[in-house]
Enquirer: 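Quick one: structure below, then a few questions.
Per chain, numbering begins at 1; letters A, B, ... match sequence-line order.
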Protein chains: 2
Amino acid sequence: MRVLGLIRVLSTNDAELLNRHGRLLDEFFGDPELTVVSRCIEGHPDGLWNSAGERKALPKIVRLGQEMARGDGATALLVSCVADPGVPELRETVEVPVIGAGSASAATALALGQSVGALSIVPGVLPPISNVLGKHLVGWEVPVGVKTTLDLMSKGGKERFVEAGERLKGQAAEVILLACTGFSTVRIAPFLEKRLGLPVVDPVISAGLAAYYAMVGNR
Amino acid sequence: MRVLGLIRVLSTNDAELLNRHGRLLDEFFGDPELTVVSRCIEGHPDGLWNSAGERKALPKIVRLGQEMARGDGATALLVSCVADPGVPELRETVEVPVIGAGSASAATALALGQSVGALSIVPGVLPPISNVLGKHLVGWEVPVGVKTTLDLMSKGGKERFVEAGERLKGQAAEVILLACTGFSTVRIAPFLEKRLGLPVVDPVISAGLAAYYAMVGNR
């Protein structure tokens with residue numbers, strides 16, 4: 001049995017919401033030997049949106065990861081947030097592989113092309129992503145007027161997203177990286193890929209693949 | 001049906017040898033909807049070992065990739081060589097995603113850790129790998145006295161490999177990248193991972209995962 005411990009940084013008692021990323025991975029892999037266990041940290045009902053929140057969350061993420069490696073028998077951990085909060089610290093303290101959605105999705109983008117443009121809902125470039133992409137990061141765009149991933153659910157919000165993707169194409173991006181796991185929650189990648197005509201990297205699914213490699217690649 | 005077109009740069013009429021990398025992927029994915037079709041270029045019975053050979057092979061690789069995208073209905077192409085020969089050129093000429101074993105396996109290594117050490121059988125750092133890894137490439141080691149992947153089959157050859165991996169650990173590598181697809185042919189990654197106690201990235205399997213993402217991630 002393979003247990004992937006998925007750490008949500010959005011605090012919720014709603015089991016459906018808690019398990020949404022895990023369910024995406026379950027459906028994608030369709031591997032009866034894989035179990036995805038999702039747990040969340042406490043005290044962050046709006047998720048992590050700035051570095052102050054990240055700092056506060058850090059010890060909770062590390063503690064939760066340790067519990068999942070021990071209590072849930074997780075054979076790999078996935079921190080389902082593109083800011084990779086707690087990933088370096090967890091790698092120091094647990095024995096199992098630790099994957100961050102930011103670094104892992106950026107890495108997947110590099111497997112698909114040389115020039116990567118990132119779409120986000122925060123304007124500042126996230127270090128785990130720029131750290132992996134280096135000179136291959138050609139642009140970072142935020143859709144005009146889109147404040148939360150909920151805005152994506154409207155037709156107008158989706159079009160703002162396509163426009164931001166077109167701006168990245170204008171910057172010679174060959175691959176589009178979705179730099180927010182909320183974009184996985186609403187599964188906008190297939191829509192964008194069709195509209196932009198470029199490969200679009202979904203952060204949760206691509207990071208799940210890296211975790212799968214870490215668990216199964218050498219078995 | 002998903003068809004992955006796998007391009008071998010080792011010319012052979014031996015179907016078992018031709019299909020060896022494809023079979024690794026078939027076994028790894030166990031996806032009945034995935035078909036891996038392997039074909040090789042002509043005139044390179046010893047594979048590609050230097051830039052002169054790569055230059056000569058380049059137009060053959062591009063032609064073969066075009067044929068596979070058309071004739072075999074490949075929905076993604078994988079060039080099964082860590083030097084990524086023909087990958088940039090194929091990306092210019094075919095509509096389907098093109099994955100190179102070098103850039104894709106290097107990308108997988110970046111998803112697993114910050115500091116990557118490469119094990120190869122050629123002493124010179126390969127550009128597709130250093131291009132992806134940048135500052136994260138902390139070392140490039142060649143096992144002493146190992147000339148071909150056949151030498152790995154002997155017990156002594158395997159030990160030389162462990163020693164080279166230990167040298168990379170001494171250079172603070174957190175992840176080991178196997179920078180030759182011949183290492184996939186002999187499936188040395190599980191052995192090395194156990195002996196070194198670090199994640200070891202198999203180039204064919206990790207590149208196959210990236211190709212799988214490109215084919216299926218947004219379906």
Side-chain angles (χ1 to χ4, degrees), chain A residues 28-33 76 78 87-88 91 95-114 128 131-136 174-175 187-194 197-202 204-219, chain B residues 28-33 76 78 87-88 91 95-114 128 131-136 174-175 187-194 197-202 204-219:
Chain A
F28 182 74
F29 290 112
D31 178 347
E33 288 185 57
L78 168 54
V87 169
R91 283 180 178 160
E95 291 289 314
V96 300
V98 179
I99 308 295
S103 48
S105 59
T108 302
L110 275 182
L112 302 180
Q114 292 271 345
N131 182 40
V132 162
L133 292 179
K135 64 182 177 182
H136 301 281
E174 298 164 1
V175 182
R187 275 304 274 146
I188 198 172
F191 164 79
L192 274 178
E193 188 161 285
K194 204 165 286 174
L198 288 182
V200 174
V201 177
D202 179 292
V204 171
I205 292 182
S206 60
L209 264 178
Y212 196 73
Y213 178 80
M215 286 191 287
V216 186
N218 290 330
R219 296 300 161 275
Chain B
F28 182 74
F29 290 112
D31 178 346
E33 288 185 58
L78 169 53
V87 169
R91 284 180 177 160
E95 291 289 314
V96 300
V98 179
I99 307 295
S103 47
S105 58
T108 303
L110 275 182
L112 302 179
Q114 293 272 343
N131 182 41
V132 162
L133 293 179
K135 64 181 176 183
H136 302 282
E174 298 165 0
V175 181
R187 276 304 274 149
I188 197 173
F191 165 79
L192 274 178
E193 188 161 285
K194 204 166 285 174
L198 288 183
V200 175
V201 177
D202 178 292
V204 171
I205 292 182
S206 60
L209 264 178
Y212 196 73
Y213 178 81
M215 285 191 288
V216 186
N218 291 328
R219 295 302 160 271

Enquirer: For B/Lys194, is it the side chain, the backbone, both or neither that has a heavy atom under 4.5 Å from a heavy atom of chain A?
Expert: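 Neither; nothing under 4.5 Å.
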Enquirer: Would you call B/Val175 and B/Leu198 a side-chain contact if the rule is heavy atoms closer than 4.5 Å?
Expert: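 Result no, sub-4.5 Å side-chain heavy-atom pair not found.
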Enquirer: Measuring only between side-chain heavy atoms, which start at C-beta, is A/Leu110 closer than 4.5 Å to A/Leu133?
Expert: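 Touching, per the 4.5 Å side-chain cut-off.
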Enquirer: Would you confirm whether B/Glu193, through its side chain, and B/Val200, through its main-chain N or O, come within 3.5 Å as a donor-acceptor pair?
Expert: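 A pair under 3.5 Å: yes.
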Enquirer: For the pair A/Tyr212 and A/Phe29, name the ring-plane relationship: parallel under 30°, tilted 30 to 60°, perpendicular over 60°.
Expert: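 Rings of A/Tyr212 and A/Phe29: parallel, under 30°.
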Enquirer: Can you check whether A/Phe191 reaches B/Asn218 side chain to side chain, under 4.5 Å on heavy atoms?
Expert: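 Of all side-chain heavy-atom pairs linking B/Asn218 with A/Phe191, none is under 4.5 Å.
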Enquirer: Based on non-hydrogen pairs under 4.5 Å, which of A/Val98, A/Asp202, A/Val87 is most in contact with chain B?
Expert: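 Most heavy-atom pairs within the cutoff with chain B belong to A/Asp202.
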Enquirer: Quick one: does A/Leu209's side chain get under 4.5 Å of A/Phe28's, heavy atoms only?
Expert: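 A/Leu209 vs A/Phe28: side chains touch.
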Enquirer: Taking every heavy-atom pair that is under 4.5 Å apart, which of A/Pro199, A/Ser206, A/Gly197, A/Gly134 has the most such pairs with chain B?
Expert: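 Most heavy-atom pairs under 4.5 Å with chain B: A/Ser206.
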Enquirer: Using a cut-off of under 4.5 Å for heavy-atom pairs, which of A/Ala214, A/Gly113, A/Pro88, A/Gly102 has the most such pairs with chain B?
Expert: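 Among A/Ala214, A/Gly113, A/Pro88, A/Gly102, the one with the most close pairs to chain B is A/Gly113.
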Enquirer: Which one wins on heavy-atom pair count under 4.5 Å against chain B: A/Ala189, A/Ala211, A/Ser103?
Expert: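 Greatest number of close heavy-atom pairs with chain B: A/Ala189.
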Enquirer: At a heavy-atom distance under 4.5 Å, which candidate from B/Ser105, B/Ala76, B/Ala111 has the highest pair count against chain A?
Expert: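 Top option by heavy-atom pairs under 4.5 Å: B/Ala111.
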Enquirer: With only heavy atoms counted, which part of A/Arg187 is less than 4.5 Å from chain B, the side chain, the backbone, both or neither?
Expert: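 For A/Arg187, side-chain heavy atoms alone lie under 4.5 Å from chain B.
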Enquirer: Checking the side chain of B/His136 only, and the main-chain atoms of A/Asn131 only, is there a donor and an acceptor separated by less than 3.5 Å?
Expert: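 Checking the backbone N and O of A/Asn131 against the side chain of B/His136, a donor-acceptor pair under 3.5 Å is found.
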Enquirer: When heavy-atom pairs shorter than 4.5 Å are enumerated against chain A, which of B/Asp31, B/Val201, B/Thr108 gives the highest number?
Expert: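 Of the candidates given, the most pairs with chain A belong to B/Val201.
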Enquirer: Non-hydrogen atoms of chain B under 4.5 Å away: do they reach the side chain of A/Glu95, the backbone, both or neither?
Expert: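 Neither part.
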Enquirer: Which one wins on heavy-atom pair count under 4.5 Å against chain B: A/Gly217, A/Ala210, A/Ala104, A/Pro97?
Expert: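 Of A/Gly217, A/Ala210, A/Ala104, A/Pro97, A/Gly217 has the most heavy-atom pairs under 4.5 Å with chain B.
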